[in-house]
Colleague: 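For reference, the structure I am asking about is given below.
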Amino acid sequence: MSAPPDVDVAGASRTRHPLRWVASVVLLVLAAQLVSLLVTNPNFQWDVVFRYVNAQVIGQGVFTTLLLTVIAMFVGVVLGVLLAVGRLSENPVARSACGLYVWFFRGTPVLVQLVLWYNLSYLLPKVSLGIPFGPEFISADTNQVITPLLAAILGLGLNEGAYMAEIIRGGLMSVDPGQTEAASALGMSNARTFRRIVLPQAMRFIIPPTGSQVISMLKATSLVSVIALADLLYTVQSIYNRTFQTIPLLIVACVWYLLITSILYVGQSFIERHYARGATRHAPQSFWAFLTFRRRRPTEVTS
């Protein structure tokens with residue numbers, strides 16, 4: 001068999017991609033048209049946007065949105081951990097009950113759940129605390145207990161718990177069972193094995209979707225406007241219902257949502273980098289790299 005001929009690469013050139021240039025030109029033209037529309041169209045009323053974007057009443061709505069996001073996510077994470085452990089339990093009753101919870105709350109719209117909690121007094125005019133089928137110790141009128149804020153926390157938090165349960169369960173199941181067996185062979189307790197071996201490895205798979213859930217929760221808080229809770233969207237709506245400046249006020253809401261989600265994305269990228277050290281060949285993407293469509297940088301896997 002003859003030897004393969006030598007290949008001269010002295011005059012080699014990069015492969016040309018004319019379609020990339022065409023796509024780039026089209027996108028640049030569309031971007032120029034968008035910028036021209038934003039600048040030349042007076043109906044955007046940018047003076048109104050700049051006047052309201054840092055108004056005190058808008059700031060109060062932003063605070064309510066952030067507070068509701070934090071509380072609902074805390075409730076969702078705590079419930080998610082309990083439900084995930086229950087779904088992985090060997091107890092068939094606990095496993096079935098947790099599975100039924102996840103099935104119901106993932107299968108019904110969160111808007112419907114919010115409205116149901118807000119109108120709970122129709123089903124239960126009075127809520128009480130006591131022994132089941134026995135005496136009551138404390139009772140109160142449901143309309144006084146279920147305020148719009150509590151209804152929003154229950155609706156968003158309980159719904160989020162079902163999604164976080166599946167995220168956490170998937171993260172725990174992604175850890176190789178051999179890790180737990182090796183830790184048991186070394187004499188480590190179950191609690192220490194979970195804390196030192198299982199959880200750090202599972203966090204690589206839990207953090208990214210949890211970050212996405214936080215951002216989704218921030219946007220889902222806009223649904224509480226239907227139960228008259230003064231979040232960011234409800235505050236904006238109350239203003240443009242008086243002034244009829246609908247588009248500028250909606251732009252104000254979009255600006256704040258984009259600003260907060262950008263900050264959350266940056267925080268998520270730092271957390272992902274922390275838990276991905278020594279476990280991946282590609283560094284997690286930063287927010288600037290995400291905006292500029294940069295490729296992920298390869299990283300060295302450390303032992």
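Hydrogens, waters and symmetry mates play no part in the numbers below; they use all other heavy atoms, side chains included. Values in this document were obtained by computation on a predicted structure and should not be read as measured data.
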Colleague: For Ser96, enumerate each residue passing the side chain to side chain donor-acceptor pair (under 3.5 Å) test, keeping only those at least two apart in sequence or located in another chain.
Modeller: none
Colleague: Only counting residues at least two apart or in another chain, list the ones meeting side-chain contact (heavy atoms from CB on, under 4.5 Å) with Thr210.
Modeller: Met164, Ile167, Ile206
Colleague: Side chains of Val48 and Leu249: does their closest heavy-atom pair fall under 4.5 Å?
Modeller: yes
Colleague: Using atom types as modelled and distance alone, determine if a side-chain donor or acceptor of Glu166 lies under 3.5 Å from a backbone N or O of Ala162.
Modeller: no
Colleague: List, one per line, each side-chain donor-acceptor pair under 3.5 Å for residues 55-79, sequence neighbours excluded.
Modeller:
residue	atom	partner	partner atom	Å
Thr64	OG1	Gln60	O	3.1
Thr64	OG1	Ala230	O	3.4
Thr65	OG1	Gly61	O	3.1
Thr65	OG1	Leu232	N	3.0
Thr69	OG1	Thr65	O	2.7

Colleague: Main chain of Val127, side chain of Ser139: is a donor-acceptor contact present, judged purely on distance under 3.5 Å?
Modeller: no
Colleague: When clusters are formed by joining ILVMFWY residues with side-chain heavy atoms under 4.5 Å apart, either directly or through shared neighbours, do Leu100 and Leu158 land in the same one?
Modeller: yes
Colleague: What pairs of residues pass the side chain to side chain donor-acceptor pair (under 3.5 Å) test when at least one of them lies in residues 35-48, not counting sequence neighbours?
Modeller: Asn41-Asn43
Colleague: For Ser121, what residues pass the side chain to side chain donor-acceptor pair (under 3.5 Å) criterion, not counting sequence neighbours?
Modeller: Asn143
Colleague: Are the side chains of Trp256 and Val53 in touch, meaning some heavy atoms are under 4.5 Å apart?
Modeller: yes
Colleague: Show the nearest heavy-atom pair for residues Ala152 and Leu114, with the distance to one decimal.
Modeller: CA-CD2, 3.7 Å
Colleague: Taking the side chain as every heavy atom from C-beta outward, state whether Tyr257 and Leu233 have any atom pair closer than 4.5 Å.
Modeller: yes
Colleague: Are Thr243 and Tyr52 packed together at the side-chain level, in the sense that at least one heavy-atom pair is separated by less than 4.5 angstrom?
Modeller: yes
Colleague: Can a donor-acceptor pair be found, under 3.5 Å and without considering hydrogens, that links the side chain of Tyr234 to the backbone of Ile227?
Modeller: no
Colleague: Would you please name every residue forming a side-chain contact (heavy atoms from CB on, under 4.5 Å) with Ser184, sequence neighbours left out?
Modeller: Thr180
Colleague: Got a donor-acceptor contact below 3.5 angstrom from the Arg95 side chain to the Ser89 backbone?
Modeller: yes
